[in-house]
There are 2 protein chains.
Amino acid sequence: MPATRGSKPASSSRPRDAGGVRLVYDFLREQILSKSLVTGDRLPPERDLAAQLGVSRPVLREALRALAMIGAVEIRHGAGTVLRRPDAAALGDFFSFAMLQDAPVAEDVMQARIAVECQAARLACARATATDFTTLRAAVEAIEGTVGEVEAGARADHAFHSALVQAGHSPVLAALYATLTEPLYRTHVFRRGTTPSTDEFKAYVIDDHKRILTALVERNVERLDAVLRRHFVIGDEFREQAIQREILSMWSA
Amino acid sequence: MPATRGSKPASSSRPRDAGGVRLVYDFLREQILSKSLVTGDRLPPERDLAAQLGVSRPVLREALRALAMIGAVEIRHGAGTVLRRPDAAALGDFFSFAMLQDAPVAEDVMQARIAVECQAARLACARATATDFTTLRAAVEAIEGTVGEVEAGARADHAFHSALVQAGHSPVLAALYATLTEPLYRTHVFRRGTTPSTDEFKAYVIDDHKRILTALVERNVERLDAVLRRHFVIGDEFREQAIQREILSMWSA
DNA sequence: CATCTTGAGAGGTATGACCAATTCGTCTAT
DNA sequence: ATAGACGAATTGGTCATACCTCTCAAGATG
C-alpha cells in the first residue's frame with residue numbers, strides 16, 4: 001500500500017477517509033482535472049484499477065460505491081464503471097436520510113413542496129425552453145384527459161408539476177422536489193385528494209393548470225407565483241388529512 | 001444472502017444499487033424511521049451488523065462508505081460507526097467532483113435556500129410568537145453591533161435569518177434550512193462576502209434587516225416576501241463567485 | 001439479414017487472515 | 001486517593017482468494 005499524502009479532510013464535517021479510499025478519490029480527481037478522464041469515459045476494470053493504484057479490490061469498491069452515491073460514477077454490473085457528472089438529481093438519498101431523522105408531519109412536507117415548486121417556477125420564467133413548454137402543454141392535455149380518474153389523474157397532475165419544476169433548470173430544487181413529492185403521489189389517499197368529483201370542479205382544475213402554464217409562457221413571475229399559490233390552497237385541507245396517515249411509511253420503501 | 005426486495009432505485013438518476021448494498025441502506029432507513037436508531041447512536045460493529053444482515057463485511061463496508069459520503073454516518077477507525085444527520089457540509093466531494101466538471105451547483109443551493117427561507121417567512125407572518133419577535137429584535141441588534149466584523153457579523157446575520165425561519169414553526173423547512181445553510185456560514189469567504197465594507201452599505205444592511213422584521217411584525221406576507229427577495233439579490237453575484245472559488249480550494253485537498 | 005447462442009470480460013459477494021487505531025481496565029507511583 | 005502509563009480487547013482497514021452473476025460482442029444458424 002503506498003503511503004498516503006498528508007492532506008486535510010475532504011470536508012470539515014466529515015472525518016478523514018481511510019487512506020485507501022482517499023487515494024482512489026484523489027486519483028480520480030486528478031484524472032478529471034488533467035482531462036485524462038472525461039464524463040462518459042469508462043474506468044479500467046476494477047481488478048486492473050485496484051492493481052494500478054496498489055489497493056485491494058474491496059477498497060476500490062468502497063470508494064466507487066461512495067462516488068456512485070453522489071453520482072460521480074455509474075457502476076454497471078458486467079459492463080463496467082463510467083464517469084458521470086454529478087448533479088443534484090443524484091442526491092435523493094442525501095435528502096431522504098436527512099429528512100427521515102426529523103419525522104416530518106404532512107403539512108410541513110406540503111409547505112416545503114410549495115417552497116420548492118414556487119421557487120422553481122420563478123426560475124422557470126427565466127429559464128424555460130421550448131422543450132419545457134412542449135412538455136407542459138402535453139401535461140395539461142394529459143390532465144384534461146384524465147381529470148376524473150384517480151390513478152391516471154394523479155399521475156398526470158404529478159407530471160405537470162414536476163415538469164414545471166424541471167423547467168426551472170435547478171437540479172437541487174428538482175432533487176428536493178422529487179424527494180418531497182414522490183411519496184405523496186404514491187399514496188392512494190393523496191391520489192383521491194387530487195381527483196375532482198364534480199364537473200364544475202373538474203373544469204376549474206383544468207383551467208387552473210392552464211392559467212399556470214399561461215403565466216409561465218408570458219414569463220410573468222408574480223402572476224405565476226400568485227396563481228400557483230392559490231392552486232395549492234385548493235384541496236389543501238382535504239389532502240392534508242389524507243396524507244398524514246401514510247407519509248412516514250413511504251420514505252423507507 | 002437474503003432475497004432483495006423489488007424496490008425501485010433510491011434516486012431516479014442513479015442505477016439500481018447492488019442487492020447487498022441496497023439491503024444495508026434499506027435496513028438503516030427503517031431503523032431511523034422506527035426510531036430504533038437516532039442521530040448520535042453507534043451502529044453495531046461491522047462484523048456483527050454484517051452477520052445480522054446476512055451480508056459480507058466488504059459489502060457492508062461499501063454501503064457504509066457510501067453513506068459516509070453523504071454524511072449519514074461517521075466511520076471512526078477503532079471506535080465504531082455513528083449515525084449522523086446529513087447536512088451540506090458533508091457534500092464537499094459532491095461539490096468538488098461536480099465543479100471539476102463544470103456543474104453549476106452553488107447557485108442552485110442558494111436558490112433552495114431562498115425557496116425555504118421565503119416560504120418559512122410567509123408562515124411566520126401567521127405563526128410568529130412574541131418569543132420569536134424578541135429573538136429577532138435581539139438578532140437585529142446583534143447585526144447592528146457587528147456589521148463591520150467578518151466573524152461576528154456573519155454569525156449575527158445567520159442568527160437573524162435562522163430566527164426568521166424558526167418563526168415559521170415548520171420543522172421541515174427549518175431542517176432543510178439548516179441542512180443547506182449552516183455549512184455556508186463556516187467558510188471564510190462567505191463570511192467576507194456578507195460583510196459590508198462602506199458605512200453607507202453597512203447602514204443599508206442594518207436597515208434592510210429592520211425592514212424585514214417590520215414586515216413580519218405587521219404580518220404583511222407580500223411585503224415581507226418582496227423585501228426578503230430583494231435582500232437576497234444584494235451581494236448575490238459576489239457571494240457566488242466567492243463560494244465557487246473557495247469550494248474548489250477548500251474541499252479538493 | 002435477423003436472431004439466437006456462447007464465451008469472455010467485468011461487477012457482486014463471501015471467507016479468512018492480518019494490520020492499525022481507539023477505548024477501557026488494571027497497575028503503579030506519588 | 002488520584003493520576004498516569006501500559007496492555008489487552010474491541011473495532012475499523014486492508015489484502016488475498018475463490019466463486020457467482022450479469023452484460024456484451026462475436027460467431028453460428030435459419
Side-chain angles (χ1 to χ4, degrees), chain A residues 1-10 14-28 37 40-69 71-84, chain B residues 1-10 14-28 37 40-69 71-84:
Chain A
M1 235 280 293
T4 59
R5 292 185 245 163
S7 53
K8 54 181 188 138
R14 278 196 8 235
R16 187 182 179 85
D17 282 305
V21 167
R22 191 165 61 247
L23 190 149
V24 177
Y25 295 162
D26 290 347
F27 168 78
L28 287 177
L37 269 181
D41 281 358
R42 192 163 145 279
L43 305 191
E46 289 182 358
R47 290 171 179 90
D48 296 350
L49 187 52
Q52 180 184 341
L53 295 181
V55 298
S56 66
R57 186 149 79 103
V59 168
L60 177 76
R61 292 180 57 82
E62 277 185 48
L64 292 180
R65 189 67 62 186
L67 291 170
M69 179 59 101
V73 298
E74 178 181 340
I75 304 170
R76 296 205 13 259
H77 184 177
T81 299
V82 178
L83 189 69
R84 291 286 177 234
Chain B
M1 237 276 297
T4 60
R5 292 187 242 162
S7 53
K8 44 187 201 117
R14 284 205 347 245
R16 189 180 178 82
D17 283 306
V21 167
R22 191 166 60 248
L23 190 149
V24 177
Y25 295 162
D26 291 346
F27 169 78
L28 288 176
L37 268 180
D41 280 357
R42 191 163 145 280
L43 304 190
E46 288 181 0
R47 290 172 181 85
D48 296 350
L49 187 53
Q52 180 184 339
L53 294 180
V55 298
S56 66
R57 187 149 80 100
V59 168
L60 177 77
R61 292 181 55 82
E62 277 186 49
L64 291 180
R65 188 67 63 186
L67 290 171
M69 179 59 102
V73 297
E74 178 181 338
I75 303 171
R76 294 198 24 250
H77 186 174
T81 298
V82 178
L83 190 71
R84 292 286 179 233

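Just so it is clear: chains get the letters A, B, ... in the order the sequence lines come, proteins before strands, and each one is counted from 1.
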> Could you give the distance from CG (B/Asp48) to CG (B/Leu53), rounded to the nearest 0.5 Å?
Replying inline: 11.0 Å
>> Quick check on the helix from C/dC1-D/dG30 to C/dT30-D/dA1: what's the angle between its two end axes, five base pairs per end, to the nearest 10°?
In response: 10°
>> To the closest 0.5 Å, what do you measure between CZ (A/Phe27) and CG (A/Leu37)?
In response: 6.5 Å
> Can you find a pair of side-chain heavy atoms, one from B/Leu83 and one from B/Leu28, that are under 4.5 Å apart?
Replying inline: no
> Any side-chain N or O of A/Ser56 under 4.0 Å from OP1/OP2 of D/dC15?
Replying inline: yes
> So, the side chain of A/Arg76 versus the backbone of A/Val82: is there a donor-acceptor pair under 3.5 Å, distance only?
Replying inline: no
> So, does B/Arg84 use its side chain to make a donor-acceptor pair with the main chain of B/Gly71 at under 3.5 Å?
Replying inline: no
N/O donor to acceptor pairs below 3.5 angstrom from side-chain atoms of residues 54-62 of chain A, sequence neighbours left out:
unit_1, atom_1, unit_2, atom_2, d
A/Arg57, NH1, A/Glu46, OE1, 2.6
A/Arg61, NE, B/Glu62, OE2, 2.8
A/Arg61, NH1, A/Glu46, OE1, 3.1
A/Arg61, NH1, A/Glu46, OE2, 2.8
A/Arg61, NH2, B/Glu62, OE2, 3.2
A/Glu62, OE1, B/Arg65, NE, 2.9
A/Glu62, OE1, B/Arg65, NH2, 3.2
A/Glu62, OE2, B/Arg61, NE, 2.8
A/Glu62, OE2, B/Arg61, NH2, 3.2

> So which heavy atom on B/Leu64 is nearest to which on B/Ile75, and how close?
Replying inline: O-CD1, 3.8 Å
> How long is the line joining CG of A/Leu23 and C1' of D/dT14, in whole Å?
Replying inline: 13 Å
Look for any protein N or O under 3.5 Å of an N or O in nucleotides 9-12 of chain C and output each such pair with its distance, or none.
unit_1, atom_1, unit_2, atom_2, d
C/dG9, N2, A/Gly78, O, 3.3
C/dA10, OP1, A/Arg42, NH2, 3.2
C/dG11, OP2, A/Glu46, N, 2.8
C/dG11, O4', A/Gly78, N, 3.1
C/dG11, N7, A/Arg47, NH1, 3.1
C/dG11, O6, A/Arg47, NH2, 3.1
C/dG11, N2, A/His77, NE2, 3.4
C/dG11, N3, A/His77, NE2, 3.3
C/dG12, OP2, A/Arg61, NH1, 2.8
C/dG12, OP2, A/Arg61, NH2, 2.8
C/dG12, OP2, A/Arg65, NH2, 3.4
C/dG12, N7, A/Arg57, NH1, 3.4
C/dG12, O6, A/Arg47, NH2, 3.4
C/dG12, O6, A/Arg57, NH2, 2.6

> Looking only at heavy atoms, what is the nearest atom pair of B/Tyr25 and B/Ala63, with distance?
Replying inline: CE2-O, 3.7 Å
> Could you state the CD-C1' distance from A/Glu74 to D/dC22, rounded to the nearest angstrom?
Replying inline: 15 Å
